[in-house]
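The structure under discussion appears below in the form of structure tokens.
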Amino acid sequence: MNILLTGFEPFDAEAVNPSWEAVRALDGWRLQSAVVHARRISCVFGTALRELDAAIDELQPQLVLAVGQAGGRAELTPERVAINVDDGRICDNAGCQPIDLPVVAGAPAAYFATLPIKAMVRDLRAAGIPAAVSNTAGTFVCNHLFFGLMHRIATRPVAAMRGGFIHIPYLPEQVARRPGLPSMALDTVVAGLRIAIATALAVREDVRETGGQLH
């Protein structure tokens with residue numbers, strides 16, 4: 001069983017992106033019969049989806065968990081819903097800044113994650129890791145990738161493939177020049193992702209119609 005775990009390259013003049021730092025730490029991790037494969041995704045509209053498609057075609061994963069940075073958040077936040085909107089507050093790494101454009105023309109307005117997001121939050125909190133369900137993945141490349149993933153699952157599914165997105169806070173070194181903003185240690189993020197993956201594998205019921213509201 002293959003698990004695809006994605007993280008983004010740095011963006012917005014940052015030297016690191018905690019999502020990639022955490023994801024690559026789990027490359028090759030085995031949980032029972034499952035193996036994690038980490039892939040770095042460009043922070044570029046369009047290119048991100050092509051890279052995601054290539055990774056899915058290569059690995060044929062049963063589980064896809066995309067990870068992204070959410071500066072200012074203090075918790076690990078599994079996302080409930082991806083919306084069909086690209087609206088960049090800044091340019092991506094290729095200098096593109098779409099305004100009020102669809103991620104996929106003619107696709108539905110939104111998709112729910114097909115992961116048990118409330119169970120993931122429950123297990124993260126039980127382990128002492130701050131976590132909460134999020135109802136917005138924004139409108140930048142994180143949401144772009146999330147929506148593209150869920151659209152692919154809905155229209156070109158790999159057998160039994162489920163997917164979702166989780167946002168993580170800044171690393172401590174990133175907030176050294178941003179006094180007052182929250183951060184989370186990389187080791188804690190990595191431990192949290194292990195828990196989230198284990199929960200997603202343990203809870204196999206289809207949650208597409210409940211928006212991840214499985215306890």
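Just so it is clear, the values below take in all heavy atoms, side chains as well, and ignore hydrogens, waters and symmetry mates. Because the structure is a prediction, the values reported are computed rather than measured.
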Approximate separation, where rounding is to 0.5 Å, of [X] [atom1] and [Y] [atom2]:
X: H167; Y: T136; atom1: NE2; atom2: OG1; value: 8.5 Å
X: T114; Y: L149; atom1: OG1; atom2: CG; value: 7.5 Å
X: M161; Y: Q60; atom1: CE; atom2: CD; value: 8.5 Å
X: L63; Y: M1; atom1: CG; atom2: CE; value: 5.5 Å
X: R80; Y: K118; atom1: CZ; atom2: NZ; value: 5.5 Å
X: L65; Y: L4; atom1: CG; atom2: CG; value: 9.0 Å

For [X], all residues meeting ring-ring contact (aromatic ring centres under 6.0 Å, His included), sequence neighbours excluded:
X: H151; result: Y111
X: F8; result: none
X: F11; result: F140

Output a table of donor-acceptor pairs, distance under 3.5 Å, between side-chain atoms of residues 94-104 and any protein atom two or more places apart or on a different chain; print 'none' if there are none.
residue, atom, partner, partner atom, Å
Q97, NE2, G88, O, 2.9
Q97, NE2, R89, O, 3.2

Any pair counted as side chain to side chain donor-acceptor pair (under 3.5 Å), so long as it reaches [range], sequence neighbours left out:
range: residues 140-150; result: D86-H144
range: residues 181-196; result: none
range: residues 3-17; result: E9-N93, E14-Q174, E14-R177, E14-R178, N17-S19

**Asked** What pairs with A25 under side chain to side chain contact (heavy atoms under 4.5 Å, CB included), at least two apart in sequence or on another chain?
**Response**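 Expected list: V190.
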
**Fill in**
Sorted by chain and number, sequence neighbours left out, side chain to side chain contact (heavy atoms under 4.5 Å, CB included) with D57 holds for R152

**Stepwise side-chain contact (heavy atoms from CB on, under 4.5 Å) check, E79 with C142** = CA-CA 10 Å; E79 298 291 346; C142 285; over 6 Å; no

Can you name the closest pair of heavy atoms from [X] and [Y] and give their distance?
X: M120; Y: A196; value: CE-CB, 3.5 Å
X: S134; Y: T77; value: CB-CB, 3.8 Å
X: L76; Y: P169; value: CD2-CD, 3.9 Å
X: M150; Y: G164; value: SD-N, 4.3 Å

**Message:** According to salt bridge (charged side-chain N to carboxylate O under 4.0 Å, His left out), does anything in residues 17-26 pair up with another residue at least two apart or in another chain? List the pairs.
**Reply:**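 Passing the test, one end in residues 17-26: E21-R24.
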
Is [X] linked to [Y] within one hydrophobic cluster, defined over Ile, Leu, Val, Met, Phe, Trp and Tyr using a side-chain heavy-atom separation of less than 4.5 Å?
X: L193; Y: V35; value: no
X: L59; Y: I56; value: yes
X: L52; Y: V44; value: no

**Item:** Residue list, salt bridge (charged side-chain N to carboxylate O under 4.0 Å, His left out) with R50, at least two apart or on another chain
**Value:** none

**Message:** Pair T199, I195 - check side-chain contact (heavy atoms from CB on, under 4.5 Å), show working.
**Reply:** CA-CA 6 Å; T199 301; I195 292 167; 4.2 Å; yes

**Fellow cluster residues of L181, listed by chain then number, with links counted only when side-chain atoms sit under 4.5 Å apart** = Y170, V175

**Message:** Keeping D87 on the side-chain end and T139 on the backbone end, is there a donor-acceptor pair under 3.5 Å?
**Reply:** no

**Request:** Using the side-chain contact (heavy atoms from CB on, under 4.5 Å) rule, take F147 and I83 through it: C-alpha gap first, then chi angles, then the decisive distance, then the call.
**Result:** CA-CA 6 Å; F147 187 90; I83 62 172; 5.6 Å; no

